[in-house]
Each structure stands twice: as C-alpha cells, then as structure tokens.
2 protein chains.
Amino acid sequence: MTNDVKRVYQHGTLALLIPGLFTGTMTVAELLTHGNFGIGTAHGLAGELVLLDGHAYTVNGDGQVTELAPDGTVPFATVHWQDSSLPTQAVHQRTKAELETQILAQAPLKNLFFAVKMTGTFKVMHTRAVQTQQEPYPNLTVATRVQPEFEQTDVTGTLIGYYAPALYQGAAVAGYHVHFLNDTHDFGGHILDYTVVDAQMTLQPFETFEQHFPSDNEAFLKSDFDLQQVNADIEEAEH
Amino acid sequence: MTNDVKRVYQHGTLALLIPGLFTGTMTVAELLTHGNFGIGTAHGLAGELVLLDGHAYTVNGDGQVTELAPDGTVPFATVHWQDSSLPTQAVHQRTKAELETQILAQAPLKNLFFAVKMTGTFKVMHTRAVQTQQEPYPNLTVATRVQPEFEQTDVTGTLIGYYAPALYQGAAVAGYHVHFLNDTHDFGGHILDYTVVDAQMTLQPFETFEQHFPSDNEAFLKSDFDLQQVNADIEEAEH
C-alpha cells in the first residue's frame with residue numbers, strides 16, 4: 001500500500017492535554033506507521049516532539065534534544081507522509097508573520113489542514129519547550145506556567161508543523177502550530193518567532209484529517225472537557 | 001482489505017451547509033466505499049439521507065422516499081461499516097430522552113464518536129425533512145425555516161445515526177444526530193422524537209474519525225465560516 005500524502009493523521013487531541021492527560025497512549029513505532037514528519041509531545045509532556053524523516057526527536061525544557069526509542073510513547077502527535085514530488089518555494093528575508101500571511105494569500109488554504117516544511121537558514125529562531133511533568137499530573141496551564149525559552153541566531157535547520165482550520169480548534173491548534181530542529185540536533189522546540197534568511201518551503205494540503213482517539217484509555221474516556229476552558233487554555237499555553 | 005469497523009468516515013462538514021454550500025461533492029458510489037450505514041443529505045439539500053446496508057435513500061420535504069443512484073451526489077454525509085459481530089441490546093418502552101441518557105450512563109462513550117442502530121417497533125416516530133433548494137442557494141437558516149414534519153404511530157423500521165463528542169460541534173452535530181426509515185420505505189427523515197415499543201439496538205464506538213474535505217471545491221475553499229454563527233445555526237437547524 002502506498003502512503004497517502006493527502007492525509008494528516010493525529011493521535012489524541014489538544015483538548016486532552018488541558019486537564020493534564022499527559023500519559024503516552026501510542027508508541028513512537030506505531031505513530032511512524034502513519035507518517036514520517038510531524039510534531040507533538042511525549043509521555044509526561046517530556047518536551048516538544050519533532051518528527052523528521054522517520055526519526056522522532058524531543059526538545060525538553062533544558063533545551064536538550066533526544067531521539068525517542070520506538071517503544072517511547074506519546075499522548076498527542078500529528079504526522080503525515082511528506083510528498084517528495086511537491087514543488088518547493090524559495091523564501092528570502094521574511095518574518096514569521098509576513099510568511100504566514102503570504103501563505104494564506106497565495107492560495108485558498110484556510111479551510112484545509114496543510115503541512116508546512118521549511119529547511120534553510122534563519123537569522124533568528126526563538127523557541128520554547130515544555131518541562132517534563134511527574135504524576136499526578138497538573139493541568140496544562142499549571143504545567144506550562146514556567147516554560148523555558150531559547151533563541152539562536154544564524155541557525156540552519158528544519159521547521160515542521162501544520163495549519164488547522166478554525167473549526168478544529170480544540171481537536172488541534174487552530175491556525176499555525178510549528179516546531180523546529182536545527183541541523184546539528186542540539187537546538188529546537190515549539191516556535192514562537194523567527195526570521196528567515198534563505199529557505200526552501202513546501203506546503204502540503206490534505207483532503208483528509210484522520211483523528212485517532214486513545215479509545216482504551218480510561219482517563220480519557222471519563223474526562224469532562226470544558227470547551228470554553230479548552231479554548232482559553234489553548235490561547236494561553238500554545239500561543 | 002477488510003472494512004475497518006473502528007472508523008467513522010465523514011465527507012464534508014456540517015459547517016459548510018450553514019452558508020448554503022449544498023452542491024454535491026462526492027458520488028453515492030464513492031461514499032459507499034467508506035461504509036454501508038450512515039446519514040447525511042443529498043445535492044441541493046434534497047432530503048434527509050439514510051444509508052442502510054449499502055443502499056442510500058432520501059426522505060424529501062414531501063415525505064417521499066427515493067433510492068439515490070450511484071451517480072447521485074452528497075455535500076455532507078457520515079458513514080461507517082456496521083460491525084455485525086456486535087451484541088444487540090433489547091430496548092423496551094423507552095422515550096428518546098430516556099434512551100439517550102441511558103446509553104451514556106452505561107459506558108464511558110461521551111468522548112468518542114459512536115454509531116447507534118436500532119431496528120424495531122416505535123409507538124410514535126416524529127420526523128422532519130429538509131426541502132430541496134434551487135441555486136443560487138440560500139443559507140441553511142433560510143433553507144430550513146420551513147421544514148415539514150411527519151409523524152407515524154406503531155411503525156416498524158430502522159433508526160441510524162451518530163453521537164459526536166462536544167469538541168466536534170461544527171464539523172459534525174455534537175451529541176446525537178439520528179435519522180429513520182420505515183420497513184416499507186415510505187416514511188422517515190431526521191428524527192425529532194420517538195417512543196420505542198420493542199427494538200434491538202447496537203452501539204458501535206469508533207477509535208478513528210476520518211474527516212474528508214471537498215478539497216477541490218472552490219466555493220468550499222473560499223468560504224468564510226463564522227464559527228459563532230455556525231454554533232447558533234446548528235442549534236436552530238439541527239435540534
């Protein structure tokens with residue numbers, strides 16, 4: 001069976017992180033059967049997950065980059081099969097805000113999920129990383145109250161992540177949600193801001209959003225999700 | 001490949017009906033490759049769609065039941081492969097409200113999508129059906145301002161539909177959304193209320209919600225969905 005490049009796969013929901021359901025419910029090995037690029041977090045909120053070419057890395061709250069073993073687990077991750085036949089776009093001297101606006105202006109993508117992958121040199125890359133939590137887990141707001149930030153200049157590496165339509169806020173992060181890993185694998189995280197010097201970007205729109213639930217996880221099944229709180233907390237924790 | 005009974009497939013979103021995107025964007029033939037039971041609506045909002053055992057029926061605003069041809073199209077439909085190995089539950093003398101509460105009380109299903117299928121005799125079945133719209137299409141609120149209602153007593157037939165978690169309001173109808181077709185195929189529609197005399201019910205929880213978008217439909221791609229309006233309109237049009 002060929003890998004479906006028109007499909008984005010998500011295990012878990014962003015909403016389940018809000019009350020603190022940080023337990024890993026899918027192995028990295030299984031996750032990688034659904035895609036070779038993506039983002040997410042690891043068991044216990046142990047860092048920002050960056051999937052590049054079939055390898056799963058985390059950037060933890062100390063800024064350290066580790067490759068996860070196949071039996072490592074994730075509570076929440078989004079992955080896709082990168083379409084190697086896609087055209088790349090050259091990006092020069094653009095801020096994050098400029099580029100993100102430009103992407104939506106050039107094609108009607110706002111109502112679709114799409115992946116953004118960009119490899120090149122960044123004048124500035126400003127990231128953040130969650131800190132590993134211990135059981136009993138606090139909720140996401142408490143867990144992310146202190147989030148170490150990192151910044152490098154003139155850094156080369158890969159940005160990877162997704163745009164999700166506004167309708168899916170709560171299942172995913174509505175709008176852009178992108179992570180970074182540098183080429184030497186010692187810097188990265190959840191992206192707060194950047195300025196591109198020179199990079200090659202691909203946009204991969206999807207016709208299918210495949211939402212997989214941790215349907216045998218008792219804590220997930222029994223949770224009461226307060227949707228207004230979910231929205232408020234996503235704004236606070238993810239932006 | 002065996003059909004995946006743990007997966008519910010949806011083409012289009014409820015939200016796209018709100019501004020009046022009633023154009024069919026998937027054929028019935030293709031829809032039936034994703035499931036043999038389900039609900040939805042047809043091109044031009046031409047009735048309430050009821051999929052039973054691989055056949056797609058519509059109940060239109062005149063109360064007439066028609067089987068759709070394979071080249072008929074749908075703007076929005078949700079389907080699944082009915083798991084024939086599931087246990088059935090006997091239901092006696094229950095109102096809709098009693099039964100729906102009881103379902104969620106007996107197992108932690110509230111955070112999953114699940115299908116409800118119930119075959120038997122109903123003391124009362126109260127339905128509604130949308131009326132076929134002509135282009136240029138009005139929005140859903142205008143289109144559903146007049147909706148014929150139908151009621152039969154002592155009717156035998158099949159209830160089919162879904163429960164969707166609150167998080168997916170807008171993509172789907174949060175909570176229960178069920179349709180009906182009687183055994184003689186001359187009465188049915190979107191269910192408003194019922195009382196069961198005797199029926200056999202199956203509940204089929206899903207671990208995957210597969211959301212397919214009409215990604216080559218220009219009108220869909222360019223629409224601005226006002227999410228607060230979407231929520232308000234779903235409450236008015238679907239409940």
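Numbers restart at 1 for each chain; the letters A, B, ... are given by sequence-line order, proteins then strands. Both backbone and side-chain heavy atoms feed into the values below; hydrogens, waters and symmetry mates do not.
Residue A:K110 places its NZ atom among more than 12 non-hydrogen atoms of other residues, nucleotides or ligands, all under 6.0 Å distant.
Nearest heavy atom pair, residue B:N111 against residue A:L221, reads ND2-O, 3.2 Å. Scanning all heavy atoms of the two residues, the minimum distance from B:T208 to A:H212 falls at OG1-CD2, 3.4 Å.
If you measure heavy-atom distances from A:T13 to chain B, the contacts under 4.5 Å come from the side chain alone. Residue contact with chain B, scored on non-hydrogen atoms closer than 4.5 Å, involves the backbone and the side chain of A:L167 alike. Proximity to chain B (any heavy atom under 4.5 Å) is restricted, for A:Y168, to the side chain, taken from C-beta onward. When heavy atoms are compared at a cutoff of 4.5 Å, A:D224 approaches chain B by way of both its backbone and its side chain.
The most heavy-atom pairs under 4.5 Å with chain A, out of B:F206, B:F225, B:F209, B:Y9, come from B:F209. Top candidate by heavy-atom pairs under 4.5 Å with chain B, chosen from A:Q10, A:E218, A:K6, A:E207, is A:E207.
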